[in-house]
Student: 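Okay, handing you the structure first.
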Amino acid sequence: MKSADTIFALSSGAPPAAIAIMRISGPAAFDILHGLCGRVPAPRRASLCSLRSPATQDILDQALVLVFPGPNTATGEDLVELHLHGGRAVVRAVENAIAAFPEARRAEAGEFTRRAFANGRMDLNEAEGLADLLSAETEWQRRAAAKMFGGAFSIAIEEYRQELLQLSALTEAELDFSDEGDVDSQNNILITNGCESLRQKIAILLACPPAEKLKDGLRVVLAGPPNSGKSTLLNALVGREAAIVSDIAGTTRDMIEVPMAVDGVALLFTDTAGLRDDSADVIERIGIDRSHAAMQQADILLWLGPEGAGPVHNNLIEIAAKSDVMENEAKSTDAISVSAQTGAGLSALLQIVASRAKALLPPADQFAINARQRAFLGDAEVALAACSETEDWLIIAENLRQARRALDALTGRAHTEDLLDNIFGKFCVGK
């Protein structure tokens, strides 16, 4: 259902700028435009118009105007774009002129995109992909978000939904007509195999690395005993003095986190307190406990301690730090030799870290699913798995219905207002 009111907002960056784009969407969009420039230009064609104050007829700006009749627009409604000169006073004057129309009100955060969803221009997955695309800071994030926004995930979910509908139809046939002898005796095999095949497809998606790793960055933790060069190495890797460096043992008391993109991948480098068992300092002991916790949560662990003494970890990289002052024999040949002072080995280390990180992320040419999407996919998988645990067609039919409900919630066919508020509230005003 289309909204009764008309919204407007600045959709480009904050002024001053060369150009400011003002969007107006809703049933009164064209009436408001006519009130501003005395005409409604031809659709989908840039037209130069003088915008005037309806109250005083003073010229506000010379603007390029684009008119998009609904429903084939970004929001599914009549839509107007005003390409203004990007000065603060110009933007403010045009906003005030639009706000003077009784049909118009300022848009809330994400309201343009929410109307696009309400009017069937995109589903929830595409909307979340758009939000991720707007916030993407690395190439890896941009490519995954573009896949989600482009509908790759939604297409897959719709295919699953169609399979579920076919399985449900076969199940209903078993329920309604099996006693009449008109139902194919192979239906039960088709249903059983179909449920398992679909469950496996969903399981493959669930086994992929989560989107949160891609968005928040993989945790790269530097660990080792005091004075092993962790803080110095962190500063060298991130290119700034992020951590205090001192020869005094126990200088680092708490974790220091520094985000950084390496080869298009978001990483969160974390310096930790030096590990030792003989500290009598209560505060340092707390820092050491936090170091152990960080090591357990690390996606990649850079170990700067004695060779072979690092903790068991799936992505442990041994570092021979201070390679300019230490004997080569003191470290394992498997360790990566680096020197924060000379820069030797730093590029090679970053390449190794980036390579390990990419193996932990969704492929660059594939969408990544977030926690909300994983939850509904998990519900669908559980329901499909339950179909193979019974021969009762009523129970199978109910499980298939639950699986369909999960997929409908995934795309937004079934939703709650709280869910929509949470998703679209993350957008900026004007999007």
Side-chain angles (χ1 to χ4, degrees), residues 1-2 71 76 114 116-129 147-148 150-208 210-211 366-423:
M1 179 179 295
K2 296 185 178 180
R114 184 163 181 165
F117 165 73
N119 293 322
R121 300 300 293 172
M122 65 174 63
D123 66 16
L124 283 186
N125 301 310
E126 292 166 328
E128 288 179 306
K147 282 287 185 180
M148 183 65 72
F153 180 60
S154 296
I155 290 172
I157 296 305
E158 180 58 25
E159 291 176 355
Y160 299 165
R161 184 173 176 275
Q162 292 301 320
E163 289 183 40
L164 273 174
L165 289 173
Q166 293 176 8
L167 292 169
S168 295
L170 291 175
T171 302
E172 293 297 330
E174 287 287 346
L175 283 169
D176 294 340
F177 305 113
S178 58
D179 292 338
E180 300 180 12
D182 294 330
V183 179
D184 188 343
S185 60
Q186 296 299 311
N187 277 0
N188 56 348
I189 298 176
L190 292 174
I191 295 169
T192 301
N193 292 344
C195 289
E196 177 58 21
S197 175
L198 184 54
R199 187 201 66 78
Q200 291 179 6
K201 293 177 184 178
I202 293 175
I204 291 174
L205 282 182
L206 290 172
C208 293
Q366 181 179 310
F367 53 78
I369 57 177
N370 60 33
R372 181 193 73 87
Q373 294 161 340
R374 296 178 74 86
F376 287 122
L377 282 175
D379 291 343
E381 184 193 21
V382 169
L384 287 167
C387 291
S388 63
E389 298 173 357
T390 181
E391 296 181 356
D392 189 320
W393 291 114
L394 283 173
I395 296 178
I396 293 174
E398 174 60 19
N399 283 321
L400 290 174
R401 187 180 69 83
Q402 293 293 340
R404 292 200 310 275
R405 287 186 60 185
L407 295 189
D408 285 345
L410 189 59
T411 58
R413 283 188 174 92
H415 60 78
T416 65
E417 287 303 309
D418 288 343
L419 172 64
L420 298 185
D421 289 343
N422 180 58
I423 290 176

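Heads up: numbering here begins at 1 and tracks the sequence. Quantities reported herein were computed from a predicted structural model and do not represent experimental measurements.
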Student: Atom CZ in F117, atom CD in E126: separation rounded to 0.5 Å?
Tutor: 10.5 Å
Student: In chain order, what residues pass the salt bridge (charged side-chain N to carboxylate O under 4.0 Å, His left out) check against R161, with sequence neighbours excluded?
Tutor: E158, D408
Student: Considering non-hydrogen atoms only, spot the tightest contact between F367 and M148 and give its length.
Tutor: CB-CE, 4.0 Å
Student: In Å and rounded to the nearest 0.5 Å, what is the CG to CZ distance from L124 to F153?
Tutor: 11.0 Å
Student: Please check if the side chain of Q166 supplies one atom and the backbone of E163 the other of a donor-acceptor pair under 3.5 Å.
Tutor: no
Student: Using a 3.5 Å cut-off and no angle test, enumerate the donor-acceptor pairs between side-chain atoms of residues 378-391 and protein atoms at least two apart in sequence or in another chain.
Tutor:
residue : atom : partner : partner atom : Å
E381    : OE2  : R199    : NH1          : 3.2
S388    : OG   : A385    : O            : 2.8
T390    : OG1  : D392    : N            : 3.0

Student: Apply side-chain contact (heavy atoms from CB on, under 4.5 Å) to K201 and Y160, showing your working.
Tutor: CA-CA 9 Å; K201 293 177 184 178; Y160 299 165; 3.9 Å; yes
Student: Report the C-alpha separation of L170 and N188 in whole Å, then their side-chain angles, then the decisive distance to 0.1 Å, and conclude whether the side-chain contact (heavy atoms from CB on, under 4.5 Å) test is met.
Tutor: CA-CA 8 Å; L170 291 175; N188 56 348; over 6 Å; no
Student: Measuring from Q373:CD to L410:CG, what's the distance to the nearest 0.5 Å?
Tutor: 6.0 Å
Student: Looking at residues at least two apart in the chain, or sitting in another chain, which of them share a salt bridge (charged side-chain N to carboxylate O under 4.0 Å, His left out) with E159?
Tutor: none
Student: Closest approach of R374 and L205, non-hydrogen atoms and distance?
Tutor: NH1-O, 4.3 Å
Student: Who passes side-chain hydrogen bond (donor to acceptor under 3.5 Å, both in side chains) against N399, sequence neighbours left out?
Tutor: none
Student: Any side-chain donor-acceptor pair under 3.5 Å between N125 and R372?
Tutor: yes
Student: Mind checking the CG-CD spacing from L198 to Q162? Nearest 0.5 Å is all I need.
Tutor: 12.0 Å
Student: With E398, which residues qualify under side-chain hydrogen bond (donor to acceptor under 3.5 Å, both in side chains), at least two apart?
Tutor: R401, Q402
Student: Looking only at heavy atoms, what is the nearest atom pair of L407 and L164, with distance?
Tutor: CD1-CD1, 3.5 Å
Student: Rounded to the nearest 0.5 Å, how far does OG of S154 lie from CE of M122?
Tutor: 10.0 Å
Student: Can you name the nearest heavy-atom pair linking E172 to A397, along with the distance?
Tutor: OE2-CB, 4.0 Å
Student: So, for L377 and I202, which heavy atoms are closest and what is the spacing to 0.1 Å?
Tutor: O-CG2, 3.5 Å
Student: Could you tell me whether a side-chain N or O of S197 sits under 3.5 Å from a main-chain N or O of N193, the two making a donor and an acceptor?
Tutor: no
Student: Which pair of heavy atoms, one from S168 and one from L400, lies closest together, and at what distance?
Tutor: OG-CB, 3.6 Å
Student: What is the distance from atom CD1 of I396 to atom CG of L167, rounded to the nearest 0.5 Å?
Tutor: 10.5 Å
